[in-house]
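Notes follow the structure.
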Amino acid sequence: MEVPTMSELPTGVTRHTFDGTDRLATRGEPVYGEPTDGAWRAWNPNRSKLGAMLELDMDTGLAGGETVLYLGAASGTTVSHVADFAGPTYAVEFAARPVRDLLDAAESRPRLFPLLKDARKPETYAHVVESDVDVIVQDVATRGQARVALENRRFLADDGRLLLAVKARSEDVTREPAAVFADVREELSGGYEILETERLEAYHADHLGIVARPR
């Protein structure tokens, strides 16, 4: 049974009841052992930064059907949900082991294109990713997360959106997360206008969600 929602969700994403609990959901083959109900699969915000951003009612600008560049796709937990409702979805992941799982997730998703590449080196996949993508989703556990976003800005349409999950501990485990987030926002502002920020603490410790658009 579907239940109404007060927040604006992308077409293809809804709130659905699983075992009596109202949860975000998309239609697609399960990937990570998430609950299912018919064609619907629950989207777990505790395992997905983008799912957490949607649960927190951040204005992601997602409407459904967008062309997406996903940086830090890992084994496909979140990007599989994205590919369930988006258009062409380019999934960049540098580690070979999770890419094997990502390939499995892509088998039933013809719009999902796994790329075994390093998000810090966008020139290595510039010949594959189309220009003027609508959305960049970034969730990379590395130093220089703002720099990754700035380097990949080349792919983003002028009216596109960056949906960035900043992991403070990946930048500097010795500093207070708030100080790390401030530095990331400052560096990011060199190429992006920041539209919204929200701490993701309810679902992910020491993470900041950022919505931005290119300057």
Side-chain angles (χ1 to χ4, degrees), residues 2-18 22-29 31 34 37-45 47-73 76-92 105-106 108-115 119 128-139 149 152-166 188 191-198 200 203-204 207-215:
E2 293 178 40
V3 296
T5 176
M6 297 300 292
S7 60
E8 188 71 24
L9 293 172
T11 299
V13 182
T14 191
R15 296 190 185 275
H16 191 84
T17 301
F18 297 88
D22 173 27
R23 302 180 64 174
L24 287 173
T26 62
R27 288 182 181 268
E29 292 293 319
V31 169
E34 66 276 23
D37 180 26
W40 293 104
R41 50 191 293 249
W43 190 345
N44 186 349
R47 296 186 61 174
S48 169
K49 316 308 188 309
L50 181 59
M53 292 169 75
L54 291 172
E55 285 283 14
L56 293 168
D57 292 325
M58 294 186 70
D59 187 6
T60 64
L62 291 168
E66 293 91 351
T67 300
V68 177
L69 173 59
Y70 194 106
L71 306 175
T77 296
T78 297
V79 76
S80 63
H81 285 290
V82 173
D84 286 344
F85 70 86
T89 302
Y90 301 93
V92 175
S108 62
R109 295 174 172 85
R111 299 189 299 272
L112 178 56
F113 304 104
L115 300 172
V128 178
V129 178
E130 59 191 272
S131 60
D132 296 334
V133 302
D134 300 305
V135 180
I136 293 176
V137 181
Q138 181 178 319
D139 180 15
N152 282 274
R153 181 184 175 279
R154 70 186 73 183
F155 299 111
L156 194 58
D158 291 342
D159 59 349
R161 288 291 183 273
L162 169 70
L163 306 178
L164 170 61
V166 181
L188 196 65
Y192 290 92
E193 178 187 356
I194 296 175
L195 303 176
E196 184 180 5
T197 65
E198 183 83 28
L200 306 182
Y203 302 99
H204 301 277
H207 280 75
L208 181 73
I210 297 177
V211 179
R213 63 186 175 196
R215 289 190 181 277

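Numbers here are sequence positions counted from 1. Note: hydrogens, waters and symmetry copies are ignored here, and every other heavy atom, side chains too, is used.
- The structure places CG of Leu188 at 11.0 Å from OG1 of Thr197, a figure rounded to the nearest 0.5 Å.
- With a 4.5 Å cut-off on side-chain heavy atoms, Leu9 and Leu24 count as touching.
- Taking all atoms of both residues into account, the shortest heavy-atom contact from Ala157 to Pro214 is O-CG, 3.4 Å.
- For the atom pair CD1 (Ile136) and CG (Leu156), the distance works out to 4.5 Å, reported to the nearest 0.5 Å.
- Side-chain contact between Phe113 and Val129 is absent, with no heavy atoms from C-beta onward closer than 4.5 Å.
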Next item on the list: Would you check, one step at a time, whether the test side-chain contact (heavy atoms from CB on, under 4.5 Å) holds for Val68 with Asp134?
Entry: CA-CA 6 Å; Val68 177; Asp134 300 305; over 6 Å; no

Margin query: Between Thr11 and Val13, does the side-chain contact (heavy atoms from CB on, under 4.5 Å) criterion hold? Intermediate values first, please.
Written below: CA-CA 6 Å; Thr11 299; Val13 182; over 6 Å; no

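- To the nearest 0.5 angstrom, Thr14 atom OG1 is 8.5 Å from His16 atom NE2.
- Annotation: side chain of Met53 is in contact with side chain of Val211 (closest heavy-atom distance under 4.5 Å).
- Between Arg41 and Val31 the shortest side-chain heavy-atom distance falls below 4.5 Å.
- With contacts defined as side-chain heavy-atom distances shorter than 4.5 Å, the pair Ile210/Leu162 does not qualify.
- Within a 6.0 Å radius of CD in Glu29, no more than 12 heavy atoms belonging to other residues, nucleotides or ligands are found.
- Thr60 is not listed as a side-chain neighbour of Arg161, based on a closest heavy-atom distance of 4.5 Å or more.
- Counting only distance, with no hydrogens or angles, the side chain of Glu34 and the backbone of Asn44 share no donor-acceptor pair below 3.5 Å.
- Side-chain atoms of Leu163 and Leu50, non-hydrogen and from C-beta on, do get closer than 4.5 Å to each other.
- The closest donor-acceptor contact from the side chain of Asn152 to the backbone of Ala119 lies under 3.5 Å.
- A donor-acceptor contact under 3.5 angstrom links the side chains of Tyr90 and Glu130, judged on distance only.
- Atoms CZ and CG, on Arg153 and Leu69 in that order, are 14.0 Å from each other to the nearest 0.5 Å.
- Judged purely by distance below 3.5 Å, without hydrogens or angles, the side chains of Trp43 and Ser48 pair a donor atom with an acceptor atom.
- In this structure, Leu62 and Val82 have side chains that are not in contact, with every pair of non-hydrogen atoms separated by 4.5 Å or more.
- Screening Arg111, Arg27, Arg109 for a side chain to side chain donor-acceptor pair (under 3.5 Å) with Asp84, the sole residue that qualifies is Arg109.
- Checked for salt-bridge contact, Arg23 and Glu55 miss the test: no charged N lies under 4.0 Å from a carboxylate O.
- Proximity of a side-chain donor or acceptor of Tyr203 to a complementary backbone N or O of Gly51 within less than 3.5 Å is not detected.
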Notebook entry, point to check: When you look at Val166 and His207, which way does the side-chain contact (heavy atoms from CB on, under 4.5 Å) test go after all the steps?
Noted result: CA-CA 5 Å; Val166 181; His207 280 75; over 6 Å; no

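- A distance-only check finds a donor-acceptor pair linking the side chain of Thr89 to the backbone of Gly87 [under 3.5 Å].
- Taking 4.0 Å as the cut-off between side-chain N and carboxylate O, Glu193 and Arg215 do not count as a salt-bridged pair.
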